[in-house]
Amino acid sequence: MAMAAPHPFQAVLMPLALSLSLALLCSSNVARAQTPVFACDAANSTVAGYAFCDRAKSASARAADLVSRLTLADKVGFLVNKQPALARLGIPAYEWWSEALHGVSYVGPGTRFSPLVPGATSFPQPILTAASFNASLFRAIGEVVSNEARAMHNVGLAGLTFWSPNINIFRDPRWGRGQETPGEDPLLASRYAVGYVSGLQDAGADADGPLKVAACCKHYTAYDVDNWKGVERYTFDAKVSQQDLDDTFQPPFKSCVIDGKVASVMCSYNKVNGKPTCADKDLLSGVIRGDWKLNGYIVSDCDSVDVLYSQQHYTKTPEEAAAITIKSGLDLNCGDFLAKHTVAAVQAGNLSESDVDRAITNNFIMLMRLGFFDGDPRKLAYGSLGPKDVCTSSNQELARETARQGIVLLKNDGALPLSAKSIKSMAVIGPNANASFTMIGNYEGTPCKYTTPLHGLGNNVATVYQPGCSNVGCSGNSLQLSAATAAAASADVTVLVVGADQSIEREALDRTSLLLPGQQPDLISAVANASKGHVILVVMSGGPFDISFAKASDKISAILWVGYPGEAGGAAIADIIFGKYNPSGRLPVTWYPASFADKVPMTDMRMRPDNSTGYPGRTYRFYTGETVFAFGDGLSYTTMSHNLVAAPPSEVSMQLAEGHACHTKECASVEAAGDHCEGMAFEVRLRVHNTGEMAGAHTVLLFSSPPAVHNAPAKHLLGFEKLNLEPGQAGVAAFKVDVCKDLSVVDELGNRKVALGGHTLHVGDLKHTLNLGV
Ligand SMILES: *[C@@H]1O[C@H](CO)[C@@H](O)[C@H](O)[C@H]1NC(C)=O
Ligand SMILES: *[C@@H]1O[C@H](CO)[C@@H](O)[C@H](O)[C@H]1NC(C)=O
Ligand SMILES: *[C@@H]1O[C@H](CO)[C@@H](O)[C@H](O)[C@H]1NC(C)=O
Ligand SMILES: *[C@@H]1O[C@H](CO)[C@@H](O)[C@H](O)[C@H]1NC(C)=O
Ligand SMILES: *[C@@H]1O[C@H](CO)[C@@H](O)[C@H](O)[C@H]1NC(C)=O
Ligand SMILES: *[C@@H]1O[C@H](CO)[C@@H](O)[C@H](O)[C@H]1NC(C)=O
């Protein structure tokens with residue numbers, strides 16, 4: 001979604017008089033915001049008698065009845081997010097655009113806070129949640145967020161359709177929206193999407209059954225450049241090979257639709273190989289609805305239909321833009337473009353009315369599954385949820401727990417955990433040391449409350465606070481700097497909280513450098529050199545930074561990355577620093593050296609390295625250069641040992657059908673589908689032993705390195721499993737490995753193939769090779 005100028009909607013400067021009258025309107029909304037919006041009010045017998053209100057009928061029969069009652073002029077109103085009221089059928093206006101990236105958000109106009117519900121639980125940004133590598137947590141968060149969303153819906157403060165999560169691959173470390181995503185790995189992003197969406201939607205086994213709220217996986221596809229050195233997402237043409245598309249960009253969307261049964265997919269602003277995604281029939285009707293069988297609606301970004309006409313000049317007329325998007329499979333337009341141009345498009349013969357019917361039918365069925373056409377939601381499932389269910393102490397505790405589970409310990413010379421008893425004074429320094437709003441990132445809502453790092457640490461020991469810089473931009477101020485070094489010189493221990501905020505990385509703003517902003521490195525060095533006691537460096541950011549100097553410095557005892565940790569971030573940081581929680585987060589992205597940003601254009605979408613030009617490739621699966629920290633890095637206060645207790649034999653062969661070409665010629669790989677895949681699965685089990693002194697959670701990351709054919713990744717994640725272990729305790733992490741599904745790679749044409757030869761399974765230093773033959 002576009003949040004900042006030059007968005008076609010928001011780039012409008014509002015005259016003062018208008019904004020005042022809007023403010024008055026809003027306050028009268030607040031007063032009225034007690035009752036939900038719904039159609040098919042049982043109290044009105046005319047309305048209750050319409051077949052589309054008959055709950056005994058199927059959603060598609062009800063939608064067909066409703067469509068049959070509409071004129072073309074009525075219909076086009078149901079193609080846009082701000083759906084107008086249709087009084088003659090008792091249908092109130094509905095706003096489709098709500099957001100819940102990491103908690104119910106005020107960003108979409110369908111949701112707002114009021115004195116009745118002044119805030120909602122604000123979880124960490126997804127990049128930190130992903131670092132927990134805890135799939136059941138992803139779902140648990142979705143359940144809490146949808147409880148709060150339904151509670152707000154029941155008092156007229158929120159819609160039912162939430163355009164979250166953002167599951168684009170965090171392909172380039174500079175991307176301003178990387179913070180919104182679950183990181184760079186397709187498997188982790190897929191698991192996150194399935195977990196969070198399932199928690200939000202609470203769908204039953206019936207494919208057309210009811211939903212708690214509707215989620216949306218966005219932005220489809222290959223969208224991960226916002227605004228880099230003047231290249232803007234509105235006109236960027238992502239040149240993506242079929243191999244990278246099927247291997248990297250599509251898997252999270254595919255899992256979200258097939259396994260997560262998501263209600264919606266949003267097409268993006270950018271073009272892919274010359275075509276705007278919202279006008280690409282192969283991608284929308286072909287892949288999402290055809291191959292993956294989306295049971296829901298496809299929505300545009302806001303307003304990407306307008307963008308493809310007026311900025312990309314992809315069609316000559318607005319009618320053609322309306323026609324091509326709807327005919328490609330678009331059902332709903334965030335924006336008003338389709339409401340304005342679709343009637344003319346039908347009249348010009350660019351589009352038939354039945355195409356419009358298909359789109360609005362998908363939208364109506366979705367609203368039916370959400371109960372919008374079932375009368376008062378307070379009398380239905382989830383009807384008892386209300387303001388008392390928002391910001392409950394257990395919801396807020398889950399926000400704190402999520403931050404604890406995600407925070408990554410990147411360095412520790414033994415100084416951590418600190419013992420509060422042996423510390424008389426702590427200097428808390430840095431532009432993010434007392435961060436509040438910064439902690440909740442973007443696509444935020446008003447949180448229940450904030451616990452800043454200063455506050456969280458101060459609950460344990462006496463603190464002295466010095467910001468060191470006026471803001472994260474840190475332009476340098478010698479008075480602030482000397483106050484900071486003086487504080488560090490006299491305190492028993494120093495915690496430096498640095499990093500970024502939305503002024504450095506956000507929607508519509510990518511970075512150009514991987515170094516910490518402004519004078520932050522100088523602040524860190526000066527404070528580290530002046531400090532009397534240990535120095536703990538805390539990096540609060542979405543994207544990675546090159547902090548090699550701090551990693552190498554003897555003056556810096558420990559480093560934590562805390563993402564944007566949500567409303568309870570400061571409490572979680574203190575829990576970790578003081579050893580109330582043993583860190584278990586692992587990096588969900590590669591931390592590259594600063595030189596990466598000088599050498600590699602952000603706009604180069606290629607995942608694979610090209611040795612002939614020195615292009616290093618991207619993400620841990622392909623990148624060939626040095627890293628500052630690697631994907632999966634993360635330390636603990638305890639030690640864990642692994643050993644293999646079940647593994648496949650070292651020689652495994654597949655039975656190819658008679659007459660298969662690979663019986664007579666030497667093949668490097670075989671198709672990852674067919675009879676020869678039947679039964680080709682085995683278990684890998686690892687015993688994990690906590691050999692240290694402290695209880696802790698441990699994530700087992702199982703990787704595979706396939707044979708080097710089809711430009712395969714150097715390694716890729718097959719699965720992850722997280723265990724809680726007491727000191728001395730052992731547990732087992734079990735993985736089912738399906739040869740065709742999990743060991744296959746995508747070939748140059750986008751087909752999945754199983755490479756023949758040696759596949760090495762590895763967890764840390766532990767390796768097991770199986771030789772796959774035919
Ligand atoms: C019942 O609904 C119909 C259709 O929306 C409307 O015309 C009528 O005024 C409503 N009746 C009452 C009593 O509200
Ligand atoms: C749309 O309709 C106009 C007017 O009938 C026609 O000139 C144009 O070729 C049509 N465009 C498409 C893409 O069908
Ligand atoms: C820290 O931030 C909180 C919340 O924004 C604010 O109320 C408080 O005054 C700040 N503390 C200091 C010491 O500046
Ligand atoms: C501390 O001071 C030394 C000597 O001036 C310098 O080389 C180093 O970079 C400084 N910073 C850190 C973080 O050690
Ligand atoms: C490219 O270079 C990397 C690092 O030097 C090396 O590991 C890799 O095997 C090379 N790849 C090819 C296809 O030559
Ligand atoms: C995963 O998260 C859930 C929900 O917070 C928690 O109960 C569980 O202990 C976590 N698992 C591990 C291994 O930390």
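Atoms within a ligand are numbered from 1 in the order they appear, just like the ligands themselves.
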Distances only, to 0.1 Å: what are the N or O pairs between ligand 3 and the protein that fall under 3.5 Å?
| residue | atom | partner | partner atom | Å |
| --- | --- | --- | --- | --- |
| ligand 3 | 2 (O) | Asn434 | OD1 | 3.2 |
| ligand 3 | 2 (O) | Asn434 | ND2 | 2.3 |
| ligand 3 | 11 (N) | Asn434 | ND2 | 2.9 |

For Leu723, atoms of ligand 6 separated by under 4.0 Å from a heavy atom: 13 (C)
Quick one: does Ser136 get within less than 4.0 Å of ligand 6, heavy atoms only? yes
Any N or O on Asn134 sitting closer than 3.5 Å to an N or O of ligand 6? yes
For the residue pair Thr121 and Glu148, confirm or rule out a side-chain donor-acceptor distance under 3.5 Å. yes
Donor-acceptor contacts under 3.5 Å from residues 456-468 side chains, at least two apart:
| residue | atom | partner | partner atom | Å |
| --- | --- | --- | --- | --- |
| Asn460 | OD1 | Lys580 | NZ | 2.6 |
| Asn460 | ND2 | Gly456 | O | 2.9 |

Going by distance only, is there an N or O of Glu401 that falls short of 3.5 Å from an N or O of ligand 6? no
Which of parallel (below 30°), tilted (30 to 60°) and perpendicular (above 60°) describes Phe720 and Phe133? perpendicular
Is Ala348 near ligand 2, meaning one of its heavy atoms is under 4.0 Å from it? yes
Residues Arg404 and Asp575 bridged, charged N to O under 4.0 Å: yes
Interfacing atoms of ligand 6 (cut-off 4.0 Å, heavy-atom, Leu398): 5 (O)
Quick one: CG on Leu351 to CD1 on Ile324, what's the gap to the nearest 0.5 Å? 11.0 Å
Across all chains, not counting sequence neighbours, the salt bridge (Lys or Arg N to Asp or Glu O under 4.0 Å) partners of Asp331 are Arg289, Arg358
Pair Glu143 + Lys212, salt bridge at N-O below 4.0 Å: no
Phe138 ring center near Tyr196 ring center (under 6.0 Å): no
Without placing hydrogens or testing angles, list every side-chain donor-acceptor pair under 3.5 Å for residues 488-496, not counting sequence neighbours.
| residue | atom | partner | partner atom | Å |
| --- | --- | --- | --- | --- |
| Ser490 | OG | Ala486 | O | 3.3 |
| Ser490 | OG | Ala487 | O | 3.4 |
| Asp492 | OD1 | Lys532 | NZ | 3.3 |
| Asp492 | OD2 | Lys424 | N | 2.8 |
| Asp492 | OD2 | Ser425 | N | 3.4 |

